[in-house]
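All values below come from the heavy atoms of this structure, side chains included, with hydrogens, waters and symmetry mates left out. Below, read A as the first sequence line, B as the second, and so on, with proteins coming before strands; counting in each chain starts at 1.
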Amino acid sequence: MPELPEVDRVRQGLEDLVLGARVTGLSLSWPKIIDQPSPEEFETIMLGLRLEGLGRRGKYLIFDWGEWAWISHLRMEGKWLVLPSDQAVDKHTHLVLQLDDGRDLRYHDVRKFGRIRLFPKAQLDEELARLNLGPEPWDLDADTFYQQLQRRKLAIKLVLLDQHVVAGIGNIYADEILYRARLHPEQPANTVSRIKSNRLVHYAGKVIEEAMAKGGTTIRSYTDALGHSGGFQQTLNAYGRAGLPCPRCQTPMKKIKVGQRGTTFCPRCQVLKKERR
DNA sequence: AACAGCCCCTGCCCGC
DNA sequence: TGCGGGCAGGGGCTGT
């Protein structure tokens, strides 16, 4: 489940590996991954384009193809792979772009949840605006964030996962941020104190930056474009540690569901506070 | 406006 | 061994 740090590593990998390459052939075996335009138009437009840049916003990858651009979201298990063209195509590979250097850029996605949107690059700003993403975690403004919490009754974890509030945080890092800030994941957002809100802002930036420095987290299937795993999983305090002792107080970590999502926290360090009026 | 519910998919795990 | 059912889960969409 790639989140911001993993998506950024993918971006870097692609930049190193295929920047400047030109598309000489194309095969799209699961058209639904292209949500715009039609498969036929997609093929016609892509042939001959040169990859001129790679960007990222939140968990979205941005491919600059000169006159055209993509926004690509990997969702749960999407991967971009760069492989020699003569290597056999895996059954979960849904798009193959042959490049002019004898290699392929391939989109691989077991669950077929990921999406690619193609549009004229002149529309990039409006396409990004349409996503209505919140700031990158390290750009969060403490006042704005606290104001958003005050008008939401949702569990605080679900607010951290809301891409309109802050972009790039997913299930793993949400648990880590809440653990460090010592907040119960189900604490209603509008009952989070100003101090705790500030702590969330602080740790959101810090956890994501630390994870980026370690090349992201590999839990199930994430790898970068070279097939390398991340290194942050050794640093995880909460996610995936249900039943194991809390690194701070040794109390066994507890696993619950918050808005259909598996959530691990320390029942002693992260206590639900009573609402005050 | 906020939020709940549904849908997309497949691999994996469980019980029988 | 084979099979059916349940589960996981980000985000887009609809309905309230």
Side-chain angles (χ1 to χ4, degrees), chain A residues 1-8 10 28-37 39 56-62 70-80 89-95 107-119 126-134 136-137 144-178 185-192 204 208 211 216-223 236 238-243 255-264:
Chain A
M1 42 202 91
E3 305 180 28
L4 191 160
E6 293 76 38
V7 175
D8 199 66
V10 171
L28 175 61
S29 46
W30 189 263
K32 283 182 107 172
I33 60 160
I34 309 297
D35 69 21
Q36 181 192 296
R56 180 197 56 74
R57 179 76 172 88
K59 303 180 204 170
Y60 296 83
L61 276 169
I62 300 162
W70 286 353
I71 290 180
S72 153
H73 197 298
L74 304 172
R75 295 283 174 89
M76 306 304 299
E77 301 192 23
K79 289 184 180 77
W80 284 105
V89 176
D90 182 276
K91 72 165 179 171
H92 298 299
T93 293
H94 310 307
L95 170 65
Y107 183 69
H108 181 280
D109 190 344
V110 172
R111 310 273 276 277
K112 299 178 175 168
F113 268 21
R115 290 294 179 264
I116 299 158
R117 172 180 281 255
L118 167 67
F119 49 86
E126 63 188 87
E127 288 290 336
L128 287 172
R130 227 170 48 87
L131 297 172
N132 192 23
L133 296 171
E136 302 281 305
T144 313
F145 183 73
Y146 183 61
Q147 283 161 23
Q148 308 218 52
L149 296 194
Q150 286 190 304
R151 55 185 165 81
R152 306 270 232 134
K153 292 182 181 172
L154 220 54
I156 184 63
K157 172 165 179 181
L158 299 180
V159 177
L160 286 180
L161 291 173
D162 184 342
Q163 303 300 299
H164 307 113
V165 174
V166 53
I169 295 172
N171 205 38
I172 297 172
Y173 296 115
D175 281 4
E176 293 307 307
I177 293 162
L178 290 165
E186 290 178 303
Q187 189 72 44
N190 60 357
T191 66
V192 172
I208 296 294
T217 301
T218 296
I219 290 298
R220 285 168 51 92
S221 59
Y222 159 77
T223 53
L236 296 178
Y239 187 89
R241 299 195 69 254
K255 184 161 184 179
I256 59 171
K257 288 261 183 193
V258 181
Q260 330 292 355
R261 300 206 178 114
T263 300
T264 308

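Regarding Arg111(A), its CZ atom lies at a distance of 12 Å from the P atom of dC9(B), rounded to whole Å. In this structure, Leu161(A) atom CG and dC3(B) atom P are separated by 14 Å, rounded to whole Å. Nucleotide dA1(B) holds its P atom 13 Å from the CD atom of Gln148(A), rounded to whole Å. Put simply, CZ on Arg261(A) is 12 Å from P on dA4(B), counting in whole angstrom units. As a whole-Å value, the separation of Asp162(A) CG from dA2(B) C1' is 10 Å. Atom pair Asn132(A):CG and dA2(B):P shows a separation of 11 Å (rounding to whole Å applied). Rounded to a whole Å, the CG atom of Leu158(A) is 12 Å from the P atom of dG5(B). Between Glu77(A) atom CD and dC12(B) atom C1' the separation is 11 Å, expressed in whole Å.
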Worksheet entry | side-chain contact (heavy atoms from CB on, under 4.5 Å) between Glu6(A) and Tyr173(A), worked out | CA-CA 11 Å; Glu6(A) 293 76 38; Tyr173(A) 296 115; 2.5 Å; yes
Worksheet entry | Step-by-step side-chain contact (heavy atoms from CB on, under 4.5 Å) determination, Leu236(A) to Ile172(A) | CA-CA 9 Å; Leu236(A) 296 178; Ile172(A) 297 172; 3.8 Å; yes
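Ring geometry for Tyr107(A) versus His94(A): interplanar angle of 30 to 60°, hence tilted.
Contact check, His92(A) against dG11(B): a side-chain N or O comes under 4.0 Å of OP1 or OP2.
When the nucleotides dC3(B), dG11(B), dC9(B) are ranked by their closest atom to the side chain of Lys91(A), dG11(B) comes out on top. The side chain of Leu154(A) approaches dA4(B) more closely than any other nucleotide in the set dA1(B), dA4(B), dG11(B).
Contact annotation for Asn171(A): backbone-only contact, meaning every heavy-atom pair under 4.0 Å involves sugar-phosphate atoms and none involves a base. Residue Gly262(A) is classed as a sugar-phosphate contact, given heavy-atom separations below 4.0 Å to backbone atoms only.
When each of Phe113(A) and Arg130(A) is assigned the nucleotide of DNA chain C bearing its nearest heavy atom, the one mapping closer to the 5' terminus is Phe113(A).
In this structure, CG on Leu61(A) lies 10.0 Å from CD1 on Ile71(A), to the nearest 0.5 angstrom. The CG atom of Leu95(A) sits 5.0 Å away from atom CH2 of Trp80(A), with the distance rounded to the nearest 0.5 Å.
In the 5' to 3' direction, nucleotides of DNA chain C lying under 4.0 Å from heavy atoms of chain A begin and end at dA8(C) to dG12(C).
With sequence neighbours excluded, the residues forming a side-chain contact (heavy atoms from CB on, under 4.5 Å) with Ala238(A) are Asp175(A), Glu176(A), Tyr179(A), Met253(A), listed by chain and number.
The side chain to side chain donor-acceptor pair (under 3.5 Å) contacts involving residues 255-264 of chain A comprise Lys157(A)-Thr263(A), where partners must be two or more places apart or lie in separate chains.
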